[in-house]
Amino acid sequence: MVYKVLVTRRIPDKGLQILEDNNIEYVMHEKNRPMNQAEFEAGIKDVDGVITMLCNQVNTDVLKMAPRLKVVSNFAVGTDNVDISACSERKVAVTNTPGVLTEATADTTFALILSVARHVVKADKYTREGSFTGWDPLLFVGFELKGKTLGIIGMGRIGQAVARRAVGFGMNIVYYNRNPLPDDLADELEATYLSLDELIQTADILTLHLPYSDKVHHLINKERLKMMKHDAYLINAARGAHIDESALVEHLRSGNIAGAALDVYEHEPKLTPGLAELDNVVLLPHLGSATVEARNAMAELAAGSICEIFSGKIPENILNPQVFD
């Protein structure tokens with residue numbers, strides 16, 4: 001039997017080669033933009049598997065259109081675009097790409113932190129515009145990370161990787177997680193557990209690294225933004241909807257917090273009105289895992305898990321193993 005897979009946006013060739021090596025036919029969306037939902041629904045009707053992006057909504061209605069579908073391989077760690085329960089009911093396996101993008105995302109987080117700490121983006125623009133006339137002892141004065149308190153919300157793989165980097169910068173690390181870390185790991189990371197609100201009040205830099213669910217929608221809302229220090233910065237390389245961005249714009253405009261650096265957005269790819277006009281925010285186009293190493297590994301894992309499922313194996317990155325019962 002020849003299996004057919006829909007790839008909803010071009011992925012690195014290493015993943016496509018795995019499909020080809022396993023004699024799997026694939027159809028790929030070649031346009032340089034995400035598949036819209038209508039295109040996605042049309043493409044999924046006659047395939048056995050699909051490699052989805054975060055913008056592809058896999059829900060009950062979509063699953064009804066795909067009677068052959070056996071596996072949804074999400075090209076991301078997060079799976080908030082996939083109704084896993086609905087997939088399980090229809091015996092559709094769901095996989096993601098955990099682990100392989102941890103270091104890349106932690107690097108991006110520190111790029112955001114350093115960008116706001118040292119005014120990198122504003123200084124680059126200033127220099128390109130020809131405004132630089134010579135060294136100035138008061139020009140774009142930022143702050144050192146050593147001795148500052150980094151508050152990490154979500155201490156999974158990525159949160160821990162960020163903490164390890166922060167140790168190297170001599171930062172004080174506090175964290176909030178659904179469950180505290182084992183003592184030996186917390187000691188290794190030099191990390192102190194705090195309640196969520198206490199952490200928000202304590203951090204000089206607050207960074208988010210938790211998975212998205214309805215329970216954490218707008219976790220950082222107007223009330224919690226008010227808790228932050230006036231000279232603190234907010235970093236988000238997790239999911240945009242963790243933050244009430246309308247409230248964030250208000251706080252950035254008023255100077256209630258010093259600034260923010262975002263890689264993800266509440267209404268991605270659209271920006272909340274007013275966000276782009278602010279000069280105390282750094283904005284990236286969802287680049288957290290954008291390294292050659294991470295994206296190749298994601299492609300290999302996404303394609304490889306499809307091949308395993310088609311061959312009757314249960315991949316390690318399966319999110320609903322009960323479909324094999």
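Numbering starts at 1 and runs along the sequence shown. Here the structure is a predicted model, which is why all the values come from computation and not from measurement.
Of all heavy-atom pairs spanning Ala276 and Leu283, the tightest one is CA-CD1, 3.9 Å. Annotation for His230 and Asn256: closest pair ND1-O, 2.8 Å, computed over non-hydrogen atoms. The minimum heavy-atom distance between Cys55 and Pro34, with the atom names listed, is SG-CB, 3.6 Å. For Ala260 against Val116, the heavy-atom pair with the smallest separation is O-CG1, 3.8 Å.
By the 6.0 Å contact criterion, CZ on Arg33 is enclosed, its count of non-hydrogen atoms from other residues, nucleotides or ligands being greater than 12. More than 12 heavy atoms of other residues, nucleotides or ligands sit less than 6.0 Å from atom CD of Glu188.
Between the side chains of Ser88 and Asn320, at least one donor N or O lies within less than 3.5 Å of an accepting N or O. In this structure, a donor-acceptor pair under 3.5 Å is absent between the side chains of His267 and Glu245.
One hydrophobic cluster, built from ILVMFWY side chains closer than 4.5 Å, holds both Val50 and Val92. Placement of Leu19 and Met35 in two distinct hydrophobic clusters is found when ILVMFWY residues are connected by side-chain heavy-atom separations under 4.5 Å, directly or transitively.
Between Tyr233 and Phe143, the ring centre distance stays below 6.0 Å.
Leu150 is not listed as a side-chain neighbour of Asn172, based on a closest heavy-atom distance of 4.5 Å or more. Under the 4.5 Å side-chain criterion, counting only non-hydrogen atoms from C-beta, Val174 is not in contact with Tyr176. The shortest distance between side-chain heavy atoms of Thr8 and Phe75 does not fall below 4.5 Å. Looking only at side-chain heavy atoms (C-beta outward), Asn56 and Val72 stay at 4.5 Å or farther from each other.
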Evaluation steps, ring pair (Phe, Tyr, Trp, His ring centres under 6.0 Å), between Tyr126 and Phe132: CA-CA 7 Å; Tyr126 177 89; Phe132 177 51; 7.2 Å; no

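Checking side-chain atoms of Glu39 against main-chain N and O of Asn36 turns up a donor-acceptor pair under 3.5 Å.
Applying the side chain to side chain contact (heavy atoms under 4.5 Å, CB included) test between Val94 and each of Cys87, Ser73, Ser305 identifies Cys87 as the sole match.
A salt bridge links Glu103 with Arg165: the distance from a Lys NZ or Arg NE/NH1/NH2 to an Asp or Glu carboxylate oxygen falls below 4.0 Å.
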